[in-house]
Amino acid sequence: MRLGYACINLSLPTKFKTCRLATFYQRGPSIIKELSVHNLQNVLAALEWNRSHNILFYRMSTGIVPLGSHEKMTWDWWNDEDILQLTKQIKKYKDKYNMRLSMHPGQFTLLNTPKEDVLERSIADLEYHDKLLQLVGGTDMIIHGGGEYGNLDLAKARFIENYKKLSSSIKRKLRLENDDRTYTLSDVIDIYKESSIPICFDIHHHNCNNPDQPIELLLDHVFTSWDKVGIPKVHISSGKEHINDRRHHDYVFEKDFLSLLSVLKDKDVDIMVEAKMKELAVLKIQKEVYKKL
DNA sequence: ACAGGTCAAGGATAC
DNA sequence: GTATCCTTGACCTGT
């Protein structure tokens with residue numbers, strides 16, 4: 001089992017950089033390159049920090065190449081020598097230490113939108129994430145179901161139809177996560193049955209949004225969805241003020257982590273910790289929970 | 001140096 | 001139909 005955290009490492013001094021469209025228009029592709037190089041150096045620094053703290057799972061920020069999937073972007077960053085040199089270094093490093101790398105396109109990347117232009121931009125965004133993951137040897141791209149659009153069944157059907165149109169490289173990496181208001185774990189399983197998309201189980205979202213189905217039966221489907229793919233990927237966080245508070249707590253409570261372990265039984269999974277205190281929350285779990293096992 | 005408003009995105013909701 | 005909120009962290013402008 002590998003534990004990981006998302007994007008930001010609070011222990012490191014440098015931050016990720018981004019820019020506004022206006023800045024890109026003023027300064028052109030060179031500013032994007034400058035920021036992308038900076039961001040990739042940050043990723044490498046995070047992986048090095050992770051290795052020295054025994055953290056072998058990491059989610060890369062979606063904004064590594066600022067405006068990387070924007071329709072106005074004119075720079076082929078995936079062919080740039082300096083970018084390739086850095087991504088190669090990252091890939092080599094993560095292979096050496098058997099790390100898992102993932103990305104999570106944002107809430108505005110929607111496979112089931114009824115709007116043609118929104119779908120087009122969403123697919124462009126998936127292509128951006130796919131290209132970057134290919135370069136660094138990342139394996140997982142997590143998205144949510146999307147909106148309900150007044151009819152959940154139609155929205156699910158649209159997801160399945162649009163999923164079929166994606167490139168095989170994207171399909172190899174795409175995973176569908178249950179969310180905390182619209183797509184329950186059982187909705188996500190419905191989509192899996194028609195599309196074979198592996199399911200990323202988020203236990204906090206499940207606590208916020210579930211129609212009282214027994215978790216054991218649902219998890220059977222979750223695990224089956226990964227059978228030919230790899231080690232399942234699971235998310236955990238604690239509610240800020242109560243168990244079904246959608247906001248994330250700074251850390252993960254020990255009891256929440258133990259209750260995840262108990263529903264997972266002995267299944268080998270990689271766990272992404274989604275807590276405000278990022279890598280510090282992972283260290284806390286390692287310290288508190290691992291010594292008990 | 002710092003505060004606070006802005007950006008980027010699409011959907012949901014209230015009016 | 002329109003406005004506002006949701007969410008996020010860094011940008012960016014004004015002081």
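A, B, ... follow the sequence lines: proteins, then strands. Residue 1 opens every chain.
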Practice prompt. Have a look at A:Gly147 and say if it touches a base, only the backbone sugar-phosphate, or nothing, with a 4.0 Å heavy-atom cut-off.
Written response: sugar-phosphate
Worksheet item: So, for A:Tyr93 and A:Tyr97, is the gap between ring centers shorter than 6.0 Å?
Response: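 Close enough - the centres of the two rings lie under 6.0 Å apart.
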Discussion item. Of the options C:dC11, C:dT8, B:dG11, whose atoms approach the side-chain atoms of A:Pro114 most closely?
Written reply: B:dG11
Discussion item. Can you tell me which nucleotide in B:dG11, C:dT7, C:dC11 comes closest to the side chain of A:Thr113?
Written reply: B:dG11
Worksheet item: Within 45° of the six-membered ring axis of A:Phe223 and under 6.0 Å from that ring's centre, is NZ or CZ of A:Lys267 located there?
Response: yes
Discussion item. For A:Tyr149, does the six-membered ring have the charged nitrogen or CZ of A:Arg158 within the cation-pi criterion, i.e. under 6.0 angstrom from the centroid and within 45° of the normal?
Written reply: yes
Discussion item. If only side-chain N and O atoms count, and only distance matters, is there a donor-acceptor pair under 3.5 Å linking A:Asp125 with A:Ser69?
Written reply: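 There is such a pair (donor and acceptor under 3.5 Å, judged by atom type) between the side chains of A:Ser69 and A:Asp125.
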Worksheet item: B:dG10 phosphate, OP1 or OP2: any side-chain N/O from A:Arg121 under 4.0 angstrom?
Response: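 For B:dG10, OP1/OP2 do have a side-chain N/O of A:Arg121 under 4.0 Å.
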Discussion item. Counting distance alone, no hydrogens or angles: does the base of C:dA10 have a donor or acceptor under 3.5 Å from a partner atom on the side chain of A:Arg20?
Written reply: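 Between C:dA10 and A:Arg20, which were checked side chain against base, a qualifying N/O pair under 3.5 Å is present.
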Practice prompt. Taking only heavy atoms on the protein side, list every residue of residues 148-162 of chain A lying under 4.0 Å from any atom of DNA chain B, sorted numerically.
Written response: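 Going residue by residue through residues 148-162 of chain A, the ones with a heavy atom under 4.0 Å of DNA chain B turn out to be A:Glu148, A:Tyr149.
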Fill in: Passing candidate, ring pair (Phe, Tyr, Trp, His ring centres under 6.0 Å) with A:His204, options A:His242, A:His248, A:His235
A:His248
Worksheet item: Would you call the rings of A:His53 and A:Trp49 parallel, tilted or perpendicular if under 30° counts as parallel and over 60° as perpendicular?
Response: parallel
Worksheet item: Under 30°, 30 to 60°, or over 60°: which ring-plane class applies to A:Tyr58 and A:Tyr5, parallel, tilted or perpendicular?
Response: perpendicular
Can you measure [X] atom [atom1] to [N] atom [atom2] for me and round it to whole angstrom units?
X: A:Tyr183; N: B:dG10; atom1: OH; atom2: P; answer: 17 Å
X: A:Gln26; N: C:dC11; atom1: CD; atom2: P; answer: 15 Å
X: A:Glu34; N: C:dC11; atom1: CD; atom2: C1'; answer: 14 Å
X: A:Ile64; N: C:dG9; atom1: CD1; atom2: P; answer: 15 Å
X: A:Arg247; N: C:dC6; atom1: CZ; atom2: C1'; answer: 13 Å
X: A:Leu67; N: B:dC7; atom1: CG; atom2: C1'; answer: 10 Å
X: A:His144; N: B:dA12; atom1: NE2; atom2: P; answer: 14 Å
X: A:Ile143; N: B:dG10; atom1: CD1; atom2: P; answer: 15 Å

Worksheet item: In terms of the nearest nucleotide of DNA chain C, which residue is placed more toward the 5' end: A:Thr23 or A:Arg181?
Response: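 Upstream on the strand: A:Arg181.
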Worksheet, complete the sentence: So, with a heavy-atom separation below 4.0 Å from DNA chain C, the residues of residues 7-17 of chain A are A:Ile8, A:Lys15, A:Phe16, A:Lys17
Item to complete: Take A:Asn209 and A:Thr184 through the side-chain hydrogen bond (donor to acceptor under 3.5 Å, both in side chains) test and state the conclusion after the steps.
Response: CA-CA 6 Å; A:Asn209 181 24; A:Thr184 64; 5.7 Å; no
Item to complete: Before giving the answer on side-chain contact (heavy atoms from CB on, under 4.5 Å), spell out for A:Arg2 and A:Val269 the whole-Å C-alpha distance, their side-chain angles and the decisive distance to 0.1 Å.
Response: CA-CA 7 Å; A:Arg2 289 171 288 195; A:Val269 298; over 6 Å; no
